[in-house]
Visitor: 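Take a look at this one; I'll ask things after.
Throughout, a chain's letter reflects where its sequence line sits, starting with A, and its residues are numbered from 1. These numbers come from the heavy atoms of this one structure, side chains and all, not from hydrogens, waters or symmetry mates.
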Amino acid sequence: MVTRFAPSPTGFLHMGSLFASLCSWRYAKQSKGVFFCRLEDTDTKREITGSGNQVLQELAIYGIIPDEDFVLGGAYGPYVQSERKPIYDVVIKAMLLDDLAYPCFCTHEDLSAMRAKQESLKVNPGYYGEYATCRFLPKETVLAKLKNGDPFVIRFKSNGNQTHKIMITDLIRGSFEMTENDQDIVIMKSDGLPTYHFAHLVDDHFMRTTIITRGEEWMASLPIHLQLFDAMGWDRPQYAHLPVIMKIDEGTRRKLSKRKDPEAAVSYFLEAGYPIEGFLEYLMTIANTNFEAWRIENPQANIFDFQLSFAKMTLDGALFDLEKVKSISKDRLAFMSADEITNKALAWANIYEPQFALAIASDVDYFKAIISIERGGEKPRKDYAKYSDIFPIIDFMYDQYYDQYMSGELPFNESLSKDILIKVLNTYKANPSLDLQESEWFEKLKVLASICGFSPSVKEYKKNKEAFYGHIGDFAEIIRIAVSGRKNTPNFYYILKILGTERINKRINKTIALLEE
RNA sequence: GGCUGGUUGGAGAAACGGUUAACUCACAAGCCUUUCACGCUUGCAUUCACGGGUUCGAAUCCCGUACCAGUCACCA
């Protein structure tokens with residue numbers, strides 16, 4: 001099985017392209033086949049220099065590495081269409097000789113005049129049948145025009161008929177009828193470069209592609225392509241027209257647009273810090289909906305152990321669902337080892353958030369300890385959906401950022417007097433008890449709470465609120481705020497343990513000093 | 001407008017004519033809990049775009065209507 005991804009060098013990697021290449025790459029690899037990448041740069045007007053390589057690099061970030069491409073090369077090259085001109089020329093020449101094609105000298109003005117006429121006559125517009133005027137040009141006229149240097153295109157001589165129906169088979173959509181193509185479509189433009197239709201024919205034949213995966217916008221031109229393969233006597237490839245990813249915009253669904261939607265670029269998600277594992281997994285869920293069930297059965301398996309199936313792909317373009325991407329990403333990050341998430345977070349931060357990278361790099365083991373809190377096991381914490389979520393949650397572990405919290409308003413419960421707060425802090429400072437196991441440490445904390453006039457039990461407190469300043473939770477909150485500057489943190493015991501008594505003392509002292517001001 | 005697909009809850013969707021329309025995300029309530037994050041429980045479409053038909057029985061088959069998407073270039 002040979003599949004391919006054939007981008008035009010018109011900009012960044014589009015999410016739909018990532019989806020398409022993911023599907024075709026997986027399909028080839030599942031069958032131990034070949035996946036290659038060919039650059040379709042025949043539209044010189046829209047070309048953006050360098051974007052071909054950028055697309056290849058972005059694919060590589062997602063782990064999609066072609067077996068053959070326009071950088072790597074391969075036995076069936078060149079892999080850039082503009083470099084394949086000699087090949088197209090040979091085929092064009094053969095078609096001309098076989099009377100399968102002819103030159104056309106009609107100008108844009110001629111064509112629009114003809115279109116206007118066809119519209120007024122209420123017949124199908126286009127270049128076909130009697131309207132295909134250049135088809136009937138005498139040889140001498142053609143030669144004269146050629147000699148004169150008149151610009152021309154080469155058109156395919158269609159023998160199709162609008163009244164004929166042909167059966168179409170698509171790997172995703174199954175079989176259905178379409179009408180035969182009767183248009184003498186342009187196969188070579190006046191600049192000497194092939195149109196998509198012709199390049200598809202020649203390239204996918206000589207590059208021995210067996211399955212054409214492409215967006216569903218190509219489905220309508222399938223009769224043209226089949227006709228072309230048949231005319232040449234070449235084997236037809238199989239086709240899989242992939243659904244397009246949609247978004248909802250002002251109440252209507254539409255294709256994600258390169259121009260209008262920043263999230264159409266995969267780099268947008270890279271930059272935002274979504275883990276590639278999560279993003280790929282999301283794409284798999286829209287590719288095959290039985291993927292989710294498989295994931296529940298195989299929570300830790302590699303997603304590529306899943307067998308993708310065109311038959312199980314939806315026909316409709318799915319709406320892109322960022323909430324689902326987040327949920328899946330949260331899971332993926334939660335199940336990474338501390339080493340893995342540390343390396344990946346650092347790699348991300350190095351590019352997109354230097355101050356975060358600096359903090360990690362200042363003491364990698366310290367960061368690893370923080371990120372390890374309640375990691376591992378069956379039910380790990382799920383704090384982060386993306387790498388950019390990490391730092392805002394744990395930044396207080398770094399003194400510089402802790403100081404920033406302390407310079408602002410501290411969120412202490414206003415009904416408690418400063419004296420009580422200070423008493424609580426001093427009491428804990430004298431008994432950090434961090435050499436104890438978590439449960440014993442917490443028991444000890446309850447004792448300290450009791451001493452300070454707080455109920456060790458929330459239930460007890462609720463029964464008799466007047467008897468206490470608050471409950472164990474309120475008591476812990478005071479210490480938490482003093483040590484972190486915030487009302488919530490990951491598991492407090494581990495936070496304290498990682499900070500260590502020395503740093504805890506410093507922070508508590510600082511808080512007391514602030515309170516006494 | 002012609003042609004080709006499609007239409008199940010807020011989103012992704014399952015259901016190969018047969019009892020109460022899976023599952024995931026979101027949302028809501030509750031439980032658990034020192035905070036947070038998890039986790040757990042429950043709720044969330046009396047109904048499958050609409051109308052008609054076939055059938056003992058239809059989301060599933062047939063017909064019509066509406067709506068959505070794609071396409072009709074010397075762009076891919």
Visitor: Can any side-chain N or O of A:R332 pair as donor or acceptor with the backbone N or O of A:G278 at less than 3.5 Å?
Guide: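 Pair absent, no side-chain N/O of A:R332 close to backbone of A:G278.
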Visitor: Given the P atoms of B:C36 and B:G51, what is the spacing between them in whole Å?
Guide: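 Taking atom P in both B:C36 and B:G51, they lie 49 Å apart.
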Visitor: What do you reckon, are the aromatic ring centroids of A:F269 and A:F320 less than 6.0 Å apart?
Guide: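 Under 6.0 Å, so yes.
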Visitor: Between A:R480 and A:E477, is there a salt bridge with N-O shorter than 4.0 Å?
Guide: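 Answer for the salt bridge query: no.
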Visitor: Rounded to whole angstroms, how far apart are CD on A:E119 and C1' on B:G2?
Guide: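 A:E119 atom CD is separated from B:G2 atom C1' by 12 Å.
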Visitor: Quick one: the dot-bracket string of RNA chain B, using Watson-Crick and G-U wobble pairs with both distances under 3.5 Å, [ ] for crossing pairs and | for bases paired to another strand.
Guide: (((((((..(((.....[....))).(((((.......))))).....(((((..]....))))))))))))....
Visitor: Given the P atoms of B:A49 and B:A15, what is the spacing between them in whole Å?
Guide: 16 Å
Visitor: Within the 4.0 Å limit for protein heavy atoms, which parts of nucleotides 30-37 of chain B are touched? Write it as a string from 5' to 3', B for base, S for sugar-phosphate only, - for none.
Guide: ----BBBB
Visitor: Are side-chain heavy atoms of A:I187 and A:V91 found at a separation under 4.5 Å?
Guide: no
Visitor: Evaluate A:Q81 against A:D203 for side chain to side chain donor-acceptor pair (under 3.5 Å), listing each step before the verdict.
Guide: CA-CA 8 Å; A:Q81 284 181 334; A:D203 293 342; 2.9 Å; yes
Visitor: Considering only atom C1', compute the distance from B:G30 to B:A69 and round it to an integer number of Å.
Guide: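 Straight-line distance between the two C1' atoms is 42 Å.
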Visitor: In whole Å, what separates the P atom of B:U47 from that of B:C40?
Guide: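 31 Å, rounded to whole Å.
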Visitor: Using the P atom as the reference point in each nucleotide, state the distance between B:C23 and B:C56 in Å, no decimals.
Guide: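 The answer is 33 Å between these two P atoms.
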Visitor: Want to settle it: does A:K324 or A:E177 sit nearer the 5' end of RNA chain B, counting the closest nucleotide to each?
Guide: A:E177
Visitor: How far, in whole Å, is B:U60 from B:U55 if one measures between their C1' atoms?
Guide: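 Looking at atom C1' only, B:U55 and B:U60 are 13 Å apart.
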Visitor: Roughly how many Å is it from CZ in A:R295 to C1' in B:C25, rounded to a whole number?
Guide: 16 Å
Visitor: Using a 4.0 Å heavy-atom cut-off, write out nucleotides 63-76 of chain B from 5' to 3' as B (base contacted by protein), S (sugar-phosphate only) or - (no contact).
Guide: -----SSSS-SBBB
Visitor: Decide, yes or no, whether a salt bridge links A:E180 with A:K165 under the criterion of side-chain N to carboxylate O below 4.0 Å.
Guide: no
Visitor: When the distance from CZ of A:F291 to C1' of B:C23 is rounded to whole Å, what number comes out?
Guide: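 The answer, rounded to whole Å, is 14 Å.
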Visitor: Tell me whether the centres of the aromatic rings in A:Y88 and A:H197 are closer together than 6.0 Å.
Guide: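 When the ring centroids of A:Y88 and A:H197 are compared, they turn out to be at least 6.0 Å apart.
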Visitor: Once you apply a heavy-atom cut-off of 4.0 Å, does A:A318 come out as touching a base, just sugar-phosphate, or nothing?
Guide: sugar-phosphate
Visitor: How far, in whole Å, is B:C62 from B:G18 if one measures between their P atoms?
Guide: 16 Å
Visitor: What's the OH-C1' distance between A:Y282 and B:A26, to the nearest Å?
Guide: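 Going from OH in A:Y282 over to C1' in B:A26 covers 13 Å.
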Visitor: Provide the closest heavy-atom pair for A:P9 versus A:G52 in the form atom of the first, atom of the second, distance.
Guide: CB-N, 4.1 Å
Visitor: Could you give the CG-to-P distance, from A:L222 to B:G5, as a whole number of Å?
Guide: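 Roughly 12 Å, once rounded to whole Å.
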Visitor: Run the salt-bridge test on A:R46 and A:D41 with the 4.0 Å N-O cut-off and return the result as yes or no.
Guide: no
Visitor: Taking atom C1' of B:G5 as reference, at what distance in whole Å does atom CG of A:D316 sit?
Guide: 9 Å
Visitor: For A:E281 and B:C25, give me the distance from atom CD to atom P, rounded to whole Å.
Guide: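 So the two atoms are 12 Å apart, to the nearest Å.
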Visitor: Which atoms form the tightest heavy-atom contact between A:C23 and A:M313, and what is the distance?
Guide: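 Taking A:C23 first and A:M313 second, the nearest heavy atoms are SG-CE, 3.8 Å.
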Visitor: Are more than 12 heavy atoms from other residues, nucleotides or ligands located less than 6.0 Å from atom CZ of A:F291?
Guide: yes
Visitor: So which heavy atom on A:F454 is nearest to which on A:F468, and how close?
Guide: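 In terms of heavy atoms, the two residues are closest at C-CD2, 3.7 Å.
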Visitor: Looking only at atom P, what distance separates B:C44 and B:U4, rounded to whole Å?
Guide: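 These two P atoms come out 42 Å apart once rounded.
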Visitor: Calculate the interatomic distance between A:M313 atom CE and B:A14 atom C1'; express it in whole Å.
Guide: 17 Å
Visitor: Output yes when a side-chain donor or acceptor of A:D184 lies under 3.5 Å from a complementary backbone atom of A:A132, and no otherwise.
Guide: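 Checking the backbone N and O of A:A132 against the side chain of A:D184, no donor-acceptor pair under 3.5 Å is found.
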